[in-house]
Amino acid sequence: MKLYNSATHTKEDFVPHTPGKVEMYTCGPTVYHFAHIGNLRSYLMEDVLEKFLRYEGYDVNRVMNITDVGHLASDADTGEDKMLKGAKREHKSVMEIAQFYTDAFFSDCKKLNIKHPDAVQPATGMIDEYIQTISKLLDTGYAYVAGGNVYFDTSKLGKYYVFNDHDEEDLAVGVREGVEEDTNKRNKNDFVLWFTKSKFEDQALKWDSPWGVGYPGWHIECSCISMKYNGEYLDLHCGGIDNAFPHHTNEIAQSESYLGHPWCKYWMHVHHLNTNTGKMSKSKGEFLTVSLLEEKGYDPLVYRFFCLQSHYRKGLVFSWENLDNAKAAYEKLIARVAALSGEGEVDQAAFEQYKAAFIEAVGNDLNTSLGITALYDVLKADMNDATKAALIGSFDTVLGLDLLAKAAALKEKEAAPVEGAEEIEALIAQRAQAKKEKNWARADAIRDELKAMGIEIKDTPNGVEWKKI
Ligand code: AMP
Ligand code: ZN
């Protein structure tokens, strides 16, 4: 496939380090609160990418961390630990909320058909590995101790800014975040590998280390977890676009300094889900979760369909109106799939031809909306229903919209005898009679009566059709 690589700023042919195998790492959630549907946009698009690579025949090993320590309120290593803040808010221990929100996260993922990663590692389970990595970085001169903390020395690198060509002043974390500068740092972009001193001395989780009792910085966890489960050569690293700097930039700095060779080949960044007031965030405005969508009567897969309709490298604006449009389109699609008879034998030549078109569409930098168009092309095509159904089932292993299962459920619902069907038929007959007698008021009244019973009628050239609404 072709994939836009944020590290080179170009669309490239995707060629993994080992033929046929993809080592993939995706930054996981910070489990101090529910994931909002913006966070889930990132995981969802990463899921489609993973499934597409599997569809192309790759054996994918997808690894994810769970951040349960070290992610401070500001990505610039200042402020309170987000986990501690969450625990205080709920009067629980850090580990209790970590467990609760980790479970909630995976339950949301399941509802959105996001596959469980092959390896999931909570950050607190790897303390020995961080200490070993940081020790080597100190030994080789890439890190220094100041004011009780261990820092990575960014001045030791030939190239630090990988993802953007902005000038240093614009990117300086202190300036960007409007936070006070940490005077222990030798260079403004140096970052903490291990904290023993922070303004918040009541950090809940602390471990012994050669530099004193403390806790790891946020960035080191992803480098160490990936190196442990993916090995020294990572093919693909994903995350939301806000992670590109400083988080991913720092991951590259420390991993490559530690390994002594290039680390990750392709970087895929998902752009944000925005509301009309800007980026969706947990601290701002209405907190949109999968549960809220369900409470409002939306199938979570409507949100998946909504995300797939646009490209991951463009910001996506969420509004209830946009979601309603996606809902209508998704339901219509299911109805069209349900209308297929399934008759005939699969035409292999047609199957291969349309599958190739789908691969071509999605394989062009994960163009999911063109993938959906390829699916509509199948529905419109001149081929038997068995071939159409086989293709839809095949494409859906990538798209994850449960199309065949939903269509089967719809068919079953439609075939089930409706309670009071005789009464409905009788009313429809009375309405026909009223129309014959030009008694329009009576005909309209019967239509309203049926509507009140939850029945919608439609006059067609073949007579009256009715369905439950
Ligand atoms: P966090 O739980 O805050 O560590 O974030 C989890 C993931 O969601 C990261 O990959 C972020 O880059 C991503 N993310 C955060 N906000 C948004 C958003 N509004 N739209 C899409 N992805 C987001
Ligand atoms: Zn990460």
Side-chain angles (χ1 to χ4, degrees), residues 6 24-47 49 62-75 79 81-83 85-86 97-98 101-102 104-106 108-109 112 114 117 120-123 126 130 163 191 216-230 234 236-255 263-264 267-290 303 306-307 310-318:
S6 313
M24 176 175 186
Y25 185 85
T26 47
C27 285
T30 307
V31 283
Y32 68 112
H33 217 320
F34 292 106
H36 60 58
I37 58 171
N39 301 129
L40 289 160
R41 180 191 190 200
S42 291
Y43 298 110
L44 212 150
M45 300 313 288
E46 292 160 5
D47 177 69
L49 176 56
R62 177 167 176 199
V63 179
M64 184 188 278
N65 64 305
I66 298 288
T67 301
D68 53 2
V69 69
H71 193 176
L72 304 191
S74 155
D75 289 357
D81 188 305
K82 289 187 179 191
M83 293 301 297
K85 252 174 124 171
I97 66 155
Y101 288 116
T102 302
F105 172 72
F106 285 118
D108 286 348
C109 286
L112 290 168
I114 296 171
V120 175
Q121 175 64 60
M126 295 266 298
Y130 309 144
F163 297 112
F191 55 92
W218 171 39
H219 316 296
I220 193 74
E221 64 175 272
C222 287
S223 289
C224 291
I225 291 171
S226 175
M227 286 192 267
K228 175 166 175 177
Y229 292 96
N230 295 115
L234 183 59
L236 178 58
H237 194 312
C238 308
I241 187 70
D242 60 315
N243 281 164
F245 185 84
H247 184 51
H248 292 163
T249 306
N250 292 347
E251 280 186 41
I252 296 171
Q254 61 204 1
S255 299
W263 173 50
C264 176
W267 289 82
M268 182 257 200
H269 288 116
V270 181
H271 285 239
H272 283 147
L273 181 75
N274 301 310
T275 60
N276 47 16
T277 55
K279 181 195 158 193
M280 185 172 289
S281 76
K282 287 174 198 175
S283 51
K284 209 170 73 178
E286 193 178 18
F287 189 177
L288 295 169
T289 58
V290 170
Y303 178 65
F306 171 71
C307 288
S310 48
H311 197 257
Y312 76 93
R313 270 196 308 119
K314 287 201 182 106
L316 177 59
V317 177
F318 177 85

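Ligands are counted one by one from 1 in listed order, and the atoms in each one are counted from 1 as well.
Counting protein heavy atoms only, atom 18 (C) of ligand 1 is closest to His272 CD2, 3.2 Å. The nearest heavy-atom contact from the protein to atom 4 (O) of ligand 1 is Thr30 OG1, 3.0 Å.
Distances from the Zn ion (ligand 2) show that His248 has no N/O/S atom below 2.8 Å. In summary, no N, O or S atom of His219 is located under 2.8 Å from the Zn ion (ligand 2).
A side-chain donor-acceptor contact under 3.5 Å links Ser223 to the backbone of Glu251. Put simply, the side chain of Asn274 never gets that close to the backbone of Val317: no donor and acceptor are under 3.5 Å apart. Panel note: side chain Asn65, backbone Gln121; no donor-acceptor pair is recorded below 3.5 Å. No donor-acceptor distance shorter than 3.5 angstrom exists from the side chain of Asp108 to the backbone of Phe105, with no hydrogens or angles considered. At distances below 3.5 Å, not a single donor-acceptor pair connects side-chain atoms of Tyr43 with backbone N or O atoms of Ile114. In this structure, Gln254 contributes its side chain and His219 its backbone to a donor-acceptor pair below 3.5 Å.
Checked by distance only, ligand 1 and Gly239 stay at 3.5 Å or farther apart across all their nitrogen or oxygen atoms. Looking at Cys27 next to ligand 1, no N or O pair under 3.5 Å apart turns up. For ligand 1, one of its N or O atoms has an N or O atom of Asn243 under 3.5 Å away. An N or O contact shorter than 3.5 Å links Ser42 to ligand 1 by distance.
For atom 11 (C) of ligand 1, the candidate residues are Ile241, Asp242, Asn39; the nearest heavy-atom contact is made by Asp242. For atom 7 (C) of ligand 1, the nearest non-hydrogen atom from the set Tyr101, Phe318, Tyr43, Phe105 belongs to Tyr43.
Of all atoms in ligand 1, listed by their number and element, those nearer than 4.0 Å to a heavy atom of Pro29 are 2 (O).
For the atom pair CE of Met268 and CE of Met24, the computed distance is 7.0 Å after rounding to the nearest 0.5 Å.
Between the SG atom of Cys27 and the SG atom of Cys222, the angle taken at the Zn ion (ligand 2) works out to 130° after rounding to 10°.
Residue pairs satisfying the salt bridge (Lys or Arg N to Asp or Glu O under 4.0 Å) criterion with at least one member in residues 219-229, sequence neighbours excluded, are listed as follows: Glu129-Lys228.
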